[in-house]
Amino acid sequence: MAKVRLLVDTDVLIDFLKGIKTAKDLFRSGQFDLYCSVQSKKELITKVGLKNSEKKAIKALLSEADYIIAATACAKKLPLLTRNRRHFEHIKEIALCPHYIYEDLVMNPPK
């Protein structure tokens, strides 16, 4: 059986790094080829412990990050797995995975 290709959003990567079981199970299942955008990588290396002024500047700079992630999903023709569905559901050019629940992905992989 072929693996399901998924683009994962930054929040899913953070969950994995935090040791959240759902994300760990997803990454370790062997049923998915997982991808992330360059933007997600940039978001992950953001420094912790920033001043409020620095956080505001970064948020302003990254306010369009979701569009870069969506563009990656569209260009690569990959469904996007994210907890932040409301950030992406208005973008008709991409497919969102039904839910960020590991069991649902195994039982109902995106087509």
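One-based numbering along the sequence shown. Atoms considered below: every heavy atom in the structure, side chains included; atoms not considered: hydrogens, waters and symmetry mates.
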Self-check item: Separation of Leu78 CG from Ser37 OG (nearest 0.5 Å)
Solution: 11.0 Å
Exercise. Pick out which of Leu7, Leu96, Leu26, Val4 makes a side chain to side chain contact (heavy atoms under 4.5 Å, CB included) with Leu81.
Key: Leu26
Practice problem: Quick one: closest heavy-atom pair of Ala70 and Ile94, and the distance? | Solution: O-CG2, 3.3 Å
Self-check item: Heavy-atom pair with the smallest gap, counting every atom of Arg5 and Lys76
Solution: NH2-O, 3.3 Å
Quiz item: CZ of Phe32 to SG of Cys97: how many Å apart, nearest 0.5 Å?
Solution: 8.0 Å
Practice problem: Rounded to the nearest 0.5 Å, what's the gap from NZ on Lys24 to CZ on Phe27? Could you check? | Solution: 12.5 Å
Quiz prompt | Point-to-point distance, once rounded to the nearest 0.5 Å, from CG of Asp25 to CZ of Phe16 | solution = 10.5 Å
Self-check item: Minimum side-chain heavy-atom gap Thr72-Gln39 below 4.5 Å
Solution: no
Practice problem: Not counting sequence neighbours, which residues clear side chain to side chain contact (heavy atoms under 4.5 Å, CB included) with Asn84? List them please. | Solution: Asp9, Asp11, Thr82, His87
Practice problem: For residues Glu89 and Arg86, report the shortest heavy-atom separation together with the two atoms involved. | Solution: OE2-CA, 3.6 Å
